[in-house]
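To start, the structure itself, in structure tokens.
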2 protein chains.
Amino acid sequence: MGRKRTKSGKIRLAEVAELAGVSPITASRFFRNPEALSVAKRTRVESAARELGYVPNLAARALASQRTEVIGVLIPSLTNNVFSDVLRGIYDASENSRYSIQLSNTRYSILQEEKLLRLFLAQKPAGLIVTGIDQTTESRAMLEAADCPIVQIMEIGPNPVDMMIGFSHFDAARAAIAHLFAQGHRRIGFIGARMDPRVQRRLDGYVAAMKDAGLFDQRLIVTTATPTSVTLGGALFADLLAREPGIDSVFCANDDLALGVLFECRRRDIAVPEQIAIVGFNDLEFMASSVPTLTSVRTNRYEMGSAAAAMLIEAIEGKRPEEPVLDLGFTVIERQSSQTQRPAAGPRTPEWAPAVQNDSVTNDP
Amino acid sequence: MGRKRTKSGKIRLAEVAELAGVSPITASRFFRNPEALSVAKRTRVESAARELGYVPNLAARALASQRTEVIGVLIPSLTNNVFSDVLRGIYDASENSRYSIQLSNTRYSILQEEKLLRLFLAQKPAGLIVTGIDQTTESRAMLEAADCPIVQIMEIGPNPVDMMIGFSHFDAARAAIAHLFAQGHRRIGFIGARMDPRVQRRLDGYVAAMKDAGLFDQRLIVTTATPTSVTLGGALFADLLAREPGIDSVFCANDDLALGVLFECRRRDIAVPEQIAIVGFNDLEFMASSVPTLTSVRTNRYEMGSAAAAMLIEAIEGKRPEEPVLDLGFTVIERQSSQTQRPAAGPRTPEWAPAVQNDSVTNDP
DNA sequence: GTCGTTGCTGGTAGCGCTGTCAACGATCCT
DNA sequence: AGGATCGTTGACAGCGCTACCAGCAACGAC
């Protein structure tokens, strides 16, 4: 065919328009807003585009329209299983849209986040997904000034920049502790790693629950800034045990730590749950098949990602959600690692007096 | 200041050039190839850019230069831990370059891969990272016709499209089996999930090793197309055991399966390694802290990603590597789950006759 | 019959940057 | 001294697309 082309052999919009017998601008409209065309031209352009194998040039589109079709995503870690689930949700939900995902890793640094945010915003993204609610003042200002929709994910809190999807880590931790209370546990240890804001809020939830029960003891808490791992779980548990041999259970800020604790118990011949109960957080897949199976707090990570992307895309296209804050909740999945032998039969007094060494203000139940 | 700007208030290259007292093209060169400028102009442009807070418009650059600074990455899964490590390597290595990563998930479908490849190539990426060596004929043709560097990752094989970084899954599996042989095991089961090409080649390695030893038996192999999980490991092992109660060890095509097998052994009170030895694949973090610790084949996933990105960027910038194929190797990490009590003391005959039911050609050791 | 109004279409004029090529002076070599 | 070479700089002309606005026909209201 004698149709003229760029030297690179690429098919341009002009070629499609020519073949369809319309003006380039009409062809352009076909790709952006087909409803605006008459049915006749629509089908003509469509078949011309298919025949030529036309693929729009996104750079030209971005330049001419002064906006991109890129959704920026800022997450703190690529290693953490939690974020791979979230990411999968984001990618799945954006897959059949016109938007592409631009991912960046803040490595749990809010300064790095600020830097990346500046970079992203300069390219005028169509939308932004950021992790958490703890941005720097500067970041916060940039986000508020941004002229694109923004979703904060992973947790919910007051004053959303725009939209927000997550759950309360505080409440989730509290619920986990309530479950341990219900199972008769009193001397509950806490182990946490990395101590990013969300882990910190889980700790806060634990502290609140323990204080409410008059069982708070600072010495039950072992944390580190080190990134989490199964091995670390074992090590932290060893530390906790060395300091407080009298604990009857451990709440782990995530499942890797919980698995590490389970292995450490096995190593020391500590019976789970008879001597020590274990509760994790996130409910990763392996929690259901370990021996004993491990209790955990299920979080809706995939949904968090997919809902965030879906909501963002809707907002980009002008259909803002009724309610900008979406609480995806959590569920305490009770498994063997925290089930005492005695069947739960309503509230009852523990069979042994908790060895409370509590020097803080509490409201006894 | 009375400097003219776009309505959006954005600073353009022209403004920077004006302030620096040079032509726009000189300013442009400053950002792409500073060495080409005289020191005087270089510093003038630099300070002008800083003063105005200039950020280049990538869309305009892409349109004018007919190429992008995007590295396309095609991976088969976002869930698999293996790929999150590879991805981390890729992102880390590209972080301080001018290139940005565009990620897409093929979901282990080579047809989906082909579709995505077409999409990517249409945008003229600066480079491409694709997973594996099993592309469709069409994909292969597109890759070969692409005018950008390409790295195939995760495994090595004959006929690289361009560059290649990985290791031999076949050899790695073979080495794992050799280790089990050395520990006195003979009746070695294989369990595998998903059965993507790389898992298939691990199976091939297992088969070759078993045949070489005259120990091959089809009934020792249990596989499924289902995606891998810890739970699945337990289930597959249960199947294997039901069919072949006489096995003395299991080689798992990945670590999740191995962990599942370990838990299933615990559930059934099977002593590991005394009754059943377990070997996994990839050496994920938890393998070193389970009880017993789990033997695995360590693969250099992070390095695979970072080396691929680094090599690709070098190639984009014209510095092609001497050797286009890089074998990152593997290491069998011998841990408790496969160590027999008797210390390894050179080659020795097994203490019991292997129940070989072998109908294939073999070369006995 | 005139004047909107609506629905569709096209022309013009860039978006901000870089490829290409030419020009220039300075330096080097024969 | 003349020419060649190098390093540095700038003018010009788009890259492929879309915003903006104008035009046109068809229709209905008054």
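Since this is a predicted model, take the numbers as computed values, not measurements. Letters go in sequence order (proteins before strands), and every chain restarts at 1.
No hydrogens or angles considered: a donor-acceptor pair under 3.5 Å links the side chains of B/Thr136 and B/Glu114. A donor and an acceptor atom, one from each side chain of B/Ser97 and B/Ser94, are nowhere located under 3.5 Å apart. In the model, B/Arg32 has a side-chain atom that pairs as donor or acceptor with a side-chain atom of B/Ser28 under 3.5 Å.
Rounded to an integer number of Å, the gap from CZ of A/Arg61 to P of D/dT18 is 5 Å. Between the CG atom of A/Leu63 and the P atom of D/dT18 there is a distance of 11 Å, rounded to whole Å. The CG-P distance, from B/Asn33 to C/dT18, rounds to 12 Å in whole Å. Distance CD1 (B/Ile11) to P (C/dC15): 16 Å, rounded to an integer number of Å.
With respect to A/Glu46 and A/Arg42, no salt bridge is recorded, no charged nitrogen being found less than 4.0 Å from a carboxylate O. Ion pairing between a basic and an acidic side chain is recognised when a charged N comes within 4.0 Å of a carboxylate O; A/Arg107 and B/Asp92 show such pairing.
Listed pair B/Gln66 / D/dG16 meets the phosphate criterion, a side-chain N or O lying under 4.0 Å from OP1 or OP2. Residue B/Arg67 places at least one side-chain N or O closer than 4.0 Å to OP1 or OP2 of C/dG19. One finds a side-chain N or O of A/Arg32 lying less than 4.0 angstrom from the OP1 or OP2 phosphate oxygen of D/dT18. An OP1 or OP2 oxygen of D/dC17 is reached within less than 4.0 angstrom by a side-chain nitrogen or oxygen of A/Tyr54. Contact annotation: A/Ser28 does not reach the phosphate of D/dC17 (side-chain N/O to OP1 or OP2, under 4.0 Å).
Residues in residues 89-130 of chain A take part in no ring-ring contact (aromatic ring centres under 6.0 Å, His included) pair, two or more places apart or across chains.
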Protein heavy-atom contacts under 4.0 Å, written 5' to 3' over nucleotides 4-12 of chain D as B (base), S (sugar-phosphate only) or - (none), form the string ----SBBB-
